[in-house]
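No hydrogens, no waters, no symmetry mates; every other heavy atom, side chains included, goes into these values.
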Amino acid sequence: MAKRIRLGILTPSSNTNLEPLSQAIVSKLPHVSLHFSRFTVLKISLEEDALAQFQTEKILEAARLLADANVDVIGWSGTSSGWLGFQADEELCAAITAATGIPTATSVLALNKAVKALSVTELGLVTPYLDNVQAAIVKTYATIGVDCRKERHLGLSKNCTFAEVDEPTLDEMVADVAGRQVQAITTFCTNLRAAQRVDYWEREHGVIVLDTVATVIWDMLLQCQVDPSCVEGWGRLFQLKA
C-alpha cells in the first residue's frame, strides 16, 4: 500500500475556489490528502493595509496549525510574491521550515520552476488585479528575464469578487493573450475558478497554461516523490518533472 501523503495548504481567508479545485486535482490519488489553514486576506492592492496582510508572522501562525497535522509539505497557495517580490516567498519558506521542520512550496516559486523547466521567456499574464498590481507583477517577472507584458486583467481588488469571475470571461481573456504568440500563459490568482479550464485552453490554443492553484500542488507532489503525471485532465504541467 502506498504511503499516505498529507499536503498542507495555506489559504487566504476570503478565498473560496482554491480548496475545491485543489481537492478535485488530487481526487484520483487515493493516498494523497489535503489539509488547509487560513489567514486573513480581504483585498489585493498596493495600499499599506493590504500589503500588511502578508506579514510572515501572521502566515506562520497558520503554518504551525498545519504542522500539528504532521503534513509532509506546506504550500502557500497564493500569488503575493508577484507584487511583493520573489524574495518574499523565499523568506516565508525559510521561516516556515525553521519554525516547523517541514519542507515548503508556493504557487509562485513553483510557477517559476515550471517556467524555467520549459525555457519560457515570454509568459502571458491573466489576472483579476488592479492596474498597479499588474504592473508590479510584470516588473517582478522582468527581474528573472521573463516578459509578461502580453497580459489581461480586470481591475478588481476585493478578494472575494475574484471567485465570481465566470468562465466566459476567462475564456475570452486567455484566448486574447494566446493570440499574441506567447510561449505559455499563467492564470495568476488562486481565487480564480480557472484550473478546471486549463486542459480545454491548451487544446484550443496550443499553448501550455500554468494555473497557480495547480502549480503549488504539482511542486508539493514532486517534493513528496509522487509522480505528478498521475494527475490527468488538469493540463500539461502535470506531465512535467522539473
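At least one side-chain heavy atom of V108 sits less than 4.5 Å from a side-chain heavy atom of Y141.
Contacts classified as side-chain hydrogen bond (donor to acceptor under 3.5 Å, both in side chains) and involving residues 176-192 (residues at least two apart or in different chains) are given here: N15-T190, T121-Q183, R152-D176, D176-R180, T187-D211.
D68 pairs by the side chain to side chain contact (heavy atoms under 4.5 Å, CB included) definition with L65, not counting sequence neighbours. With sequence neighbours excluded, no residue forms a ring-ring contact (aromatic ring centres under 6.0 Å, His included) with F54. Taking the salt bridge (Lys or Arg N to Asp or Glu O under 4.0 Å) definition, one finds that K116 meets it with nothing, sequence neighbours left out. Checked against salt bridge (Lys or Arg N to Asp or Glu O under 4.0 Å), E61 has no partners two or more places apart in sequence or in another chain. A search for side chain to side chain contact (heavy atoms under 4.5 Å, CB included) contacts involving L51 returns L46, W83, L84, not counting sequence neighbours. Partners of D131 by side chain to side chain contact (heavy atoms under 4.5 Å, CB included), not counting sequence neighbours, listed by chain and number: H153. Residues passing the salt bridge (Lys or Arg N to Asp or Glu O under 4.0 Å) test with R193 are E167, sequence neighbours excluded. Scored by the salt bridge (Lys or Arg N to Asp or Glu O under 4.0 Å) test, D49 finds K43 as partners (sequence neighbours excluded). With sequence neighbours left out, S14 forms a side chain to side chain contact (heavy atoms under 4.5 Å, CB included) with L42, N159.
Judged by distance alone, the side chains of Y129 and S45 never bring a donor and an acceptor atom under 3.5 Å apart. When only modelled atom types and interatomic distance are considered, H35 and S37 share no side-chain donor-acceptor pair under 3.5 Å. For the 3.5 Å distance criterion, the side chains of T127 and Q134 qualify, holding a donor opposite an acceptor.
Taking each heavy atom of V216 and T106 in turn, the nearest pair found is CG2-C, 3.7 Å. For the pair S77 and T212, the tightest heavy-atom approach, listed with the atom from each and the gap, is OG-O, 4.5 Å. The nearest pair of heavy atoms linking N70 to R6 is O-CD, 3.8 Å. For T16 against A163, the heavy-atom pair with the smallest separation is OG1-CB, 3.3 Å. Closest of all the heavy-atom pairs between V177 and K150 is CG1-O, 3.8 Å. Closest non-hydrogen pair, S107 versus T215, comes out as O-OG1, 2.9 Å.
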Please report, to 0.1 Å, the donor-acceptor pairs under 3.5 Å made by any side chain of residues 92-105, with sequence neighbours excluded.
residue	atom	partner	partner atom	Å
T97	OG1	C93	O	3.2
T97	OG1	I102	O	2.9
T100	OG1	I96	O	2.7
T100	OG1	I102	N	3.1

Side-chain donor-acceptor contacts of residues 229-242 below 3.5 Å, not counting sequence neighbours, with atom names and distances?
residue	atom	partner	partner atom	Å
S229	OG	D227	OD1	2.8
S229	OG	D227	OD2	2.9

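Taking a cutoff of 4.0 Å between a charged side-chain nitrogen and a carboxylate oxygen, E204 and R197 do not qualify as a salt bridge.
For E57, the CD atom counts as densely surrounded, since its 6.0 Å shell holds more than 12 non-hydrogen atoms of other residues, nucleotides or ligands. By the neighbour-count criterion of 12 heavy atoms within 6.0 Å, atom NZ of K28 is sparsely surrounded, having that number or fewer from other residues, nucleotides or ligands.
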Intermediate values then yes/no, side chain to side chain contact (heavy atoms under 4.5 Å, CB included), E151 and I137:
CA-CA 11 Å; E151 56 82 21; I137 298 167; over 6 Å; no

